Number of protein chains: 2
Amino acid sequence: MRTIKAAVAESTAVAQFTEQPVSVGARHQSLQAAVTRSLRDAIVTGRLQPGERLRESQLAQMFQVSRNPVREALLALQAEGLVATSPRKGARVRLISEEEVAELIELRIELERLNARKTAQHGDDKLRQALTSLVDEGNEAARGSNREHLRELNDRFHSLVEAAAHNRYLSDYVRSLREKTLWLFASARDDRAIETWNEHAAIAQAIIHGDAELAALLSARHVKDTGDWVQAQLSEAERKRAGSHGSTPPRREQRVHRRTAP
Amino acid sequence: MRTIKAAVAESTAVAQFTEQPVSVGARHQSLQAAVTRSLRDAIVTGRLQPGERLRESQLAQMFQVSRNPVREALLALQAEGLVATSPRKGARVRLISEEEVAELIELRIELERLNARKTAQHGDDKLRQALTSLVDEGNEAARGSNREHLRELNDRFHSLVEAAAHNRYLSDYVRSLREKTLWLFASARDDRAIETWNEHAAIAQAIIHGDAELAALLSARHVKDTGDWVQAQLSEAERKRAGSHGSTPPRREQRVHRRTAP
DNA sequence: ATGTGAAATATTGTATACCAAATGGCAGTC
DNA sequence: GACTGCCATTTGGTATACAATATTTCACAT
């Protein structure tokens, strides 16, 4: 594995020739930021399992940095809700209960509804044009069942729509919730790429036509369907885990310290 | 000023006698947390002005701790959106534009609307009872024009309603946005305590009666009115600042480094 | 075998010292 | 006044140390 430091150095060097003239300090990506990104990626893609312990010195060694950037990265991820820490016990990848997943999706439905409505209302020609070409490209990819490409287009659709609501708080929250939904899929998120695309295309059409209420309705329904699917997957995984006794490794190395209990 | 360390030690000692039997490590409040709280308080109450620079070593000396906890506190506050940092330039108290205030309030309207609706739908007897006694106490305080007490009751009202929606993401976001709105008031937030109380009491009544739509409507309107008032205050402050040339100290010591500009 | 408790070990939270890179001013020069 | 070179400050990061806790081990009793 290439070290974080090498990656930072390289990105800095590349930036030197591609970016606008900004101060060189601003170009430099801090190790903390690099570690944060690396860890976040490992968590949302499932390489780090929920409940897994995150030891500072172990991570420091893994990334070839000192403990400070790691501590700071863990703090940042805690603020994002991806890791949970308890005092003197350290950090773990956050464990989300099914109940919490339901709450997450419930709110995401409402925020995507708002976001779609606002986007359709505020939409300008530039957005409509971008969406139109995105839809064309996506339909093409859908005909070819090009899932990889579709996944990328799905992401681009979300980025476009999020930014177009012209409300940075709403955008931030929607993105944050969406990321957490993706996290729940972990690896298996290509499966629904085509269905997802079709729903996205319908929403895009509604936005292009300025039909705010339809865009809102379709968005909410889209998230609801996605959410139902995610919850079904989770339940199934849970059932499987419960079914095969013994062979399953413990998902979280949770051991209650006897002395602390009353 | 009492040191942070003394405060931490005391809170730990007090907790020893008031809390449930948990491990002693969990009782210990980290210096990082203490510094974070202290800084957050200084920012939202306006003791630290927007745009003000936050030097690590200066803060470390002020709180009598090393730079590490301070760095981590600044990072945490950055995640909360209270401070802004640029690489190699350090942290400043975040400066919120009027445009951003409008976006903040716009989203807060929608989330408070959602929250009130959900709370009215999910409300159980315990909540109704708590709200009823809160309303009685508040009306009493309002008759006596006890602003100090009313402010506390207003805060309690929000806490009650936020928690009752049974959606931790919604609760978190609503609380976060509300805190930022309070921040904009800074010191002068007792002024509207009585009007605020009356609006809260009406919302409480709607929740008690299970009238979700009325609760939602009143909540949205309440935030809208509060927001209009905040924005008016800000505009006025802006006008005043613009009017009195020379005498006003620079609100942000922002100096563009000539060499970085094209 | 199984549980218990004390000792051994590991980890976190914090401090300190130190360094390189970058920024922010300032004095001198054109 | 605008540029230039220089220097003090500040940040981001490393390394090391250490006390307070947590976790694991392991001998021992049941």
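Computed from a predicted structure; not experimentally measured. Lettering of chains follows the sequences in order, A, B, ..., and the numbering in each one begins at 1.
A:N115 and A:E162 form no side-chain donor-acceptor contact under 3.5 Å, judged by distance and modelled atom types alone. For the residue pair B:Q61 and B:S57, no side-chain donor N or O sits within less than 3.5 Å of a side-chain acceptor on the partner. No side-chain donor-acceptor contact under 3.5 Å links B:S235 and B:Q231.
Between A:E72 atom CD and D:dT11 atom C1' there is a gap of 11 Å when expressed in whole angstrom units. Rounded to a whole Å, the CD atom of A:Q29 is 18 Å from the P atom of C:dA21. Distance B:Q78 CD to D:dT11 P: 14 Å, rounded to the nearest Å. The CD atom of A:E56 sits 15 Å away from the C1' atom of D:dC18 (whole-angstrom rounding). Across the protein-nucleic acid pair, B:L75 atom CG and D:dG13 atom C1' stand 14 Å apart, rounded to whole Å. B:R88 has its CZ atom 6 Å from the P atom of C:dA22, to the nearest Å. As a whole-Å value, the separation of A:Q58 CD from D:dA22 C1' is 16 Å.
At a threshold of 4.0 angstrom between heavy atoms, the contacts of A:L74 with the nucleic acid are absent.
Shown here is B:R178, whose CZ atom has more than 12 heavy atoms of other residues, nucleotides or ligands within 6.0 Å. The neighbour count for B:E98 CD, taken as heavy atoms of other residues, nucleotides or ligands under 6.0 Å away, is above 12.
Closest approach to the A:Q32 side chain among C:dG24, D:dG13, C:dG13 is made by D:dG13 (side chain taken as heavy atoms from C-beta onward). For A:K89, the side-chain atoms get nearest to D:dT23 when compared with the rest of D:dT23, D:dT21, D:dT11.
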Just the atom pairs and distances: protein N or O near nucleotides 7-9 of chain D's N or O, under 3.5 Å.
none

Are there any protein N/O atoms within less than 3.5 Å of an N/O atom in nucleotides 15-19 of chain C, and if so, which ones and at what distance?
residue	atom	partner	partner atom	Å
C:dA15	OP1	B:K5	NZ	2.8
C:dA15	OP2	B:S66	N	2.6
C:dA15	OP2	B:S66	OG	2.5

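Classification of the B:Y173-A:Y173 ring pair by plane angle, with boundaries at 30° and 60°, yields parallel.
Qualifying ring pair (Phe, Tyr, Trp, His ring centres under 6.0 Å) partners for B:H158, counting only residues two or more places apart in sequence or in other chains: B:H200.
Using a 4.0 Å cut-off between a side-chain N of Lys or Arg and a carboxylate O of Asp or Glu, A:K118 and B:E110 do not qualify as a salt bridge. Ion pairing between a basic and an acidic side chain is recognised when a charged N comes within 4.0 Å of a carboxylate O; B:R168 and A:E100 show such pairing.
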